[in-house]
Structures are given as structure tokens and as C-alpha cells.
Amino acid sequence: MSKIQTALFLAVFLLISGCAAEPSADPAEDQQKEEQLAAEDRLQGTVVYVVDGDTFDIQFTSGKKERVRMTLIDTPETKHPRLGVQPFGPEASAYTKDLLTDKQVSLEMDVQERDRYGRVLAYVWLDEELVNEQLVAKGLARVAVFPPNTKYVDRFEEVQQHAREQRLGIWSVEDYVTDRGYRAEQPEGGDQASPQPACRIKGNISGGGEKIYHMPGNQSYEATKPEQMFCTKEEAEAAGFRAAKR
């Protein structure tokens, strides 16, 4: 073997040895890189209307408007046609409205981008604050797991356990929170209200994401499953819904 060949062999050997001896990356550093990549993929937009604690309308920088449902959480109802106003529903709605209205937020997706109603599913970031998590931490939402969207489930469940131990919000009412949602019947000492009889306008989102409201007497009214109820046409249109054609 010539001197040149020997030198090349030694150089390659030392290079390979050095790579093999290099320690593995710090897990914390890996997590930081992963979060940085996730942040780069987030969608930016401004919240233009808050429906309730876990649902709102956003206008993206492109000008397009979409309805967003926060992933991995569930807040009590405020406008459900059957359940009416549930305990801590108004508080959750007020919190989200005060926090997000007219604010620029970032949306981080999980595995599924939309739910069966065509709403965008997202983890909502306001600066460095994860809004979904904050609602759970304040006892205004429960963790609702729908695989495969489980990216932050361990983190959220840890926060939820603390809220439960402190009996915050929804956890202050005994047996109110269930695995399937919230107890429908009136909790003792609760302040649940019945839906207003006048609020009979059904708001529905089509498979294509189009928001349509149906008036009593319309051809498709009885067959329509409402996602949201409205008291007036003006309220429905302000929320971005248009009148049904039939």
C-alpha cells in the first residue's frame, strides 16, 4: 500500500470513528427543533367571530374565512338546540371571546385537518400561549380524545388533572363531567337555562364548508341537523351563514 493510500485510509477511519463516537442529540434540543418546525407550518389569521368556548371564525391572511374547532378539547354548550345553556358554557365562551376576538392567531394541525362538519381542526396559538390548553387549565373545558388527533393528549391530561384536583370550573360541579361530555340533566344548584323558544333558526355547515341557515317552514328544515341555533336572520348572517335556497 502506497503512502498516499495509507494516508487516505487513516483519514477515512478517523472520520468514521469520530462520527460513531459523537454523542446522541439532547432530547430537549430535539423537542425544540420539532416545535420550531411545527411553528413554521402553522396557518396565520385573525379571529373575526367567536361562536362559543371552543369554536370561532377566522380570516386567513389570504382573505379566506373558515370556522375553526379547537382540537382535543370540549367546552360546555351555550347554543345547543336540545341542551340549551350548560353550566360554565357562558364562562368558557366569554373567556375565548375576550381572549381571541380581533387577535391574530396561529393554527397548528394534527393528523386530521377537518371534522365531519367541515370545520378546521386546530391547536390555537396566541403568541406562545396554547389556547386549547388554557381552557382546560382554567376548568372551562374537558379533554376530549378523538384519535388520531392526540398530539398533546398527555400534556392536556396532566393540566386537566390539576384543574380537577383544584375543583376549578366544570370540576366544581359533582358528576357533571363525563367521558362523553357533560351531564344533560340539571345539576343541583346549577344555573342551566332552557333554549329560547324564539331561537329556531338552524345553522348548518355543508360537507364543502358552506355555512347555511334554515328557517322554520323551509323544505329542508326538519331534516337539517343544526350545528348552531340562531334567534334572528341578522344573527345568522353576522356569523357568516347564508339563507337556504329552499
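FYI, side chains are in, hydrogens and waters are out, and symmetry mates aren't considered; it's all heavy atoms of this structure.
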Could you tell me whether Gln104 atom CD has more than 12 heavy atoms of other residues or ligands within 6.0 Å of it? yes

Given the options Asp54, Asp115, Asp57, Arg69 meets salt bridge (charged side-chain N to carboxylate O under 4.0 Å, His left out) only with Asp54

Residue pair Phe88 / Thr78, side-chain heavy-atom distance below 4.5 Å: no

Quick check on the hydrophobic clustering: are Val136 and Val68 connected, directly or via other members, by side-chain heavy-atom contacts under 4.5 Å? yes

For Lys97, side chain to side chain contact (heavy atoms under 4.5 Å, CB included) partners two or more places apart: Val50, Thr101

Could you tell me if the ring centre of Tyr49 sits under 6.0 Å from that of Phe56? no

Whether Asp74 and Arg142 form a salt bridge (side-chain N of Lys/Arg under 4.0 Å from carboxylate O of Asp/Glu) is what I want to check. yes

Less than 6.0 angstrom from the centroid, inside 45 degrees of the normal: does Lys233 satisfy that with respect to the ring of Tyr213? no

In Å, rounded to the nearest 0.5 Å, how long is the span from OG of Ser106 to CD of Gln44? 3.5 Å

Spacing of Arg164 atom CZ and Trp171 atom CH2 [to the nearest 0.5 Å]: 4.0 Å

What's the spacing between Ile212 CD1 and Thr224 OG1 if we round to 0.5 Å? 8.5 Å

Between Glu157 and Arg155, is the salt bridge (Lys or Arg N to Asp or Glu O under 4.0 Å) condition met? List the steps. CA-CA 6 Å; Glu157 286 183 342; Arg155 174 171 166 176; over 6 Å; no

Looking at Arg167 and Glu165, does any basic side-chain N land under 4.0 Å from a carboxylate oxygen? no

OG1 on Thr178 to CZ on Arg183, rounded to 0.5 Å: 10.0 Å

Mind checking whether Leu100 and Leu43 sit in one hydrophobic cluster, side chains of I, L, V, M, F, W, Y counted as touching below 4.5 Å? yes

Are the charged groups of Glu66 and Arg119 less than 4.0 angstrom apart, N to O? no

Walk me through it: do Arg67 and Val51 pass the test side-chain contact (heavy atoms from CB on, under 4.5 Å)? CA-CA 9 Å; Arg67 177 148 295 184; Val51 178; 3.4 Å; yes

With a 4.5 Å limit on heavy-atom distance, are the side chains of Val131 and Leu99 in contact? yes

May I have the step-by-step check of salt bridge (Lys or Arg N to Asp or Glu O under 4.0 Å) for Lys151 and Glu108, ending in yes or no? CA-CA 10 Å; Lys151 182 173 183 178; Glu108 178 185 351; 2.4 Å; yes

With heavy-atom distances below 4.5 Å as the criterion, would you say the side chains of Val120 and Arg114 are in contact? yes

Should Ile170 and Tyr182 count as side-chain neighbours, where that means a heavy-atom distance under 4.5 Å? yes

Taken to the nearest 0.5 Å, the spacing of Lys103 NZ from Asp98 CG works out to 9.0 Å

To the nearest 0.5 Å, what is the distance between OH (Tyr123) and CG (Asn132)? 7.5 Å

